[in-house]
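For reference, the structure discussed in these notes is given below.
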Amino acid sequence: DLTGHPVIGVWSYEHGRQTHTRSFSADGFCVLRSEGKQQWRRPFTVVSESEVSVQGGLRHVIGKTGAMQIEGRYTARKK
């Protein structure tokens with residue numbers, strides 16, 4: 001159970017003129033949605049208090065500002 005981990009919740013970012021979200025649940029799954037439409041659902045593992053790895057080697061790191069760096073390409077904010 002990952003309840004209380006800082007990653008749990010919905011993170012939002014803009015890319016390609018679309019809004020994307022990544023929802024992390026306490027049961028260890030991440031769901032990617034583009035404009036509200038589900039693209040995939042994958043398990044994730046906790047690396048540290050500020051980092052998780054989503055299946056496929058997708059690195060997600062919460063920085064000191066509270067923003068999440070996704071795959072070194074996107075910056076998301078918690079909703």
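Note that the numbering runs from 1 along the sequence shown for the chain.
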*Mind listing the closest non-hydrogen atom pair of Glu35 and Gln18 along with its distance?*
OE2-CA, 3.1 Å

*asked:* Under the rule for side-chain contact (heavy atoms from CB on, under 4.5 Å), what residues qualify as partners of Lys79, not counting sequence neighbours?
replied: Val10, Ser12, Thr21

*Would you say the side chain of Thr3 lies within less than 4.5 Å of the side chain of His5, judging by non-hydrogen atoms?*
no

*What are the two closest non-hydrogen atoms of Ile70 and Ala76, and how far apart are they?*
CD1-CB, 3.7 Å

*Rounded to the nearest 0.5 Å, how far apart are NE2 of His20 and NE2 of His15?*
5.5 Å

*Val54: side-chain contact (heavy atoms from CB on, under 4.5 Å) partners, not counting sequence neighbours*: Phe24, Cys30, Trp40, Arg42, Phe44, Leu58, His60

*Do Tyr74 and Arg22 come within less than 4.5 Å of each other through their side chains, counting heavy atoms only?*
yes

*asked:* I need the minimum non-hydrogen distance between Arg77 and Gly66, along with the two atoms involved.
replied: NH1-C, 4.3 Å

*asked:* To check you understand the geometry: which heavy-atom pair defines the closest contact between Ala26 and Asp1, and what is its length?
replied: CB-OD1, 3.5 Å

*Using a distance-only test with no angle check, is there a side-chain donor-acceptor pair under 3.5 angstrom linking Thr19 and Glu14?*
yes

_In the structure I gave you, are the side-chain heavy atoms of Thr75 and Met68 within less than 4.5 Å of one another anywhere?_
no

*Do Trp11 and Leu32 share a hydrophobic cluster (ILVMFWY, side-chain heavy atoms under 4.5 Å, transitive)?*
yes

*Between Val46 and Leu2, is any pair of side-chain heavy atoms under 4.5 Å apart?*
yes

*Under the side-chain contact (heavy atoms from CB on, under 4.5 Å) criterion, do Val7 and Lys78 qualify, and how do the steps go?*
CA-CA 9 Å; Val7 77; Lys78 201 166 192 178; over 6 Å; no

*Partners passing side-chain contact (heavy atoms from CB on, under 4.5 Å) against Arg41 (at least two apart in sequence or in another chain)*: Asp27, Phe29, Val31, Gln38

*If we only count heavy atoms from C-beta on, is the Ser34 to Lys37 side-chain gap below 4.5 Å?*
no

*So which heavy atom on Pro6 is nearest to which on Glu49, and how close?*
CD-OE2, 3.2 Å

*Glu51/Arg59 ion pair, N-O < 4.0 Å*: yes

